[in-house]
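Notes to accompany the following structure.
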Amino acid sequence: MSLDERIITEAILETYFAKFKSCLDLDVAVVGGGPSGLVAAMFLAREGFNVALYERKLSLGGGMWGGGMTWNTIVVQKESVRLLTDVGVPVTRFRDAYYTADAVTATTTLAAAACQAGVKVFNCVSVEDVVLREADGAKRVTGLVLNASPVEMAGLHVDPVVVGARYVIEATGHAVEVLKTLVRKNDVELFTPSGGIEGEQSMWAELAEANTVKNTREVFPGLYVAGMAANASFGSYRMGPIFGGMLLSGEKVARDIACRLRDRHERV
């Protein structure tokens, strides 16, 4: 068959912007395509919600790709094995309740499962701000301010665009970039002990894994934290290349938001 480069361009343009347009009014916007973000987006999309995931980098997966120190094997504990095997990731018991998986297989399989569930993924897109609205004296996050990652990296002065979202999941990891922007630019208090970002503490895998799930919750009206962002927000430890807590955190935040969205729909 003959090929026309103009038609190739037209196909990309029309298909991409149809997807983008379908995400102007989201049920859930997930910021960060690491393990917790991917799992959360996947479960919410399976429930039939309109979900988009925004990732600054070209590839999804966050820190999972490199395992520990670029040795591309990850560890998960027994409680979280099902979240990998349910999407087809082979898992091997190492010792006691410790299990291993190939980091590349886990990352690519979770990413594929999220896409196949109906998540609209926008890579090379940075979230530079949130949208705030106030009603009855209370502020709430109602959307995201987006720009192209190459624009951000080049430091160009190019105005962003906006999407609306009923809920936003902050899953940017250690950096908690969305939350930092919210706190820096607005006179707001978070649902943390100090009202601000508590900060991440040093390595303590056992406590960090438990607290990753415990700290996965709403941190400001309309904004949830998941994964390592949850520990950084509420002041817990880091855990290194064990990823069970990250996976369970994604499942928990999806469950909590899905309950609120269903309740909201029933009350309308």
Just verifying a value: how many Å separate [X] [atom1] and [Y] [atom2], rounded to the nearest 0.5 Å?
X	Y	atom1	atom2	value
Gln201	Trp204	CD	CH2	9.0 Å
Leu247	Leu110	CG	CG	6.5 Å
Glu47	Met42	CD	CE	11.5 Å
Glu170	Lys180	CD	NZ	9.5 Å
Leu38	Glu55	CG	CD	8.5 Å
Cys124	Glu152	SG	CD	11.0 Å

Problem set entry | Arg260 to Tyr224, cation-pi by 6.0 Å centre distance and 45° axis angle |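 No, Arg260 does not lie over the aromatic ring of Tyr224.
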request  = Determine, for Tyr98 and Arg95, whether the Lys NZ or Arg CZ falls below 6.0 Å from the six-membered ring centre while staying within 45 degrees of the axis.
outcome  =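 Not satisfied by the 6.0 Å and 45° rule.
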If we ignore hydrogens and angles and just use 3.5 Å, is the side chain of [X] paired with the main-chain N or O of [Y] as donor and acceptor?
X	Y	answer
Arg140	Arg166	yes
Lys19	Val121	yes
Ser233	Ala229	yes

In plain terms, say whether Glu251 and Arg82 are close enough for a salt bridge, that is, a side-chain N and a carboxylate O under 4.0 Å apart.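 Counted as a salt bridge, because a side-chain N and a carboxylate O are separated by less than 4.0 Å.
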**OP:** Decide whether Val87 and Leu248 are clustered together by the hydrophobic rule: side chain heavy atoms of Ile, Leu, Val, Met, Phe, Trp, Tyr closer than 4.5 Å, transitively.
**Re:**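 Yes, one cluster joins them.
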Quiz item: Can Leu182 be reached from Val127 by stepping across I, L, V, M, F, W or Y side chains whose heavy atoms are under 4.5 Å apart?
Solution: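 Yes, one cluster joins them.
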Looking only at non-hydrogen atoms, find the nearest pair between Leu53 and Gly37 and report the distance.
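The pair with the smallest heavy-atom distance is CD1-O, 3.8 Å.
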**Report entry** Within 6.0 angstrom of Arg133 CZ, more than 12 heavy atoms from elsewhere
**Finding:**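 Atom CZ in Arg133 is not crowded, with 12 or fewer foreign heavy atoms closer than 6.0 Å.
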Is it true that atom CD1 of Ile8 has more than 12 heavy atoms of other residues, nucleotides or ligands lying nearer than 6.0 Å?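 Enclosed: over 12 neighbouring heavy atoms sit under 6.0 Å from CD1 of Ile8.
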request  = Begin from the C-alpha positions of Asp256 and Arg217 and carry the test salt bridge (Lys or Arg N to Asp or Glu O under 4.0 Å) through to its verdict.
outcome  = CA-CA 8 Å; Asp256 291 352; Arg217 60 181 112 158; over 6 Å; no
Problem set entry | Close side-chain approach of Ile169 and Val31, heavy atoms under 4.5 Å |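 Contact flag for Ile169/Val31 side chains = no.
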Centroid separation Phe94 to Tyr99 less than 6.0 Å:
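Ring-ring flag for Phe94/Tyr99: false, centres at least 6.0 Å apart.
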Check the side chains of Ser126 and Asn147 for a donor-acceptor pair under 3.5 angstrom, ignoring hydrogens and angles.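 No, because no side-chain N or O of Asn147 sits under 3.5 Å from a partner of the opposite role on Ser126.
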Go through the side-chain N and O atoms of Asn231 and Asn211 and say whether any donor and acceptor fall under 3.5 Å apart.
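On atom types as modelled, these side chains do not qualify, holding no pair under 3.5 Å.
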In terms of ring plane angle, is the pair Phe122 and Phe20 parallel, tilted or perpendicular, where the classes change at 30° and 60°?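 If you compare the ring of Phe122 with that of Phe20, the planes turn out perpendicular.
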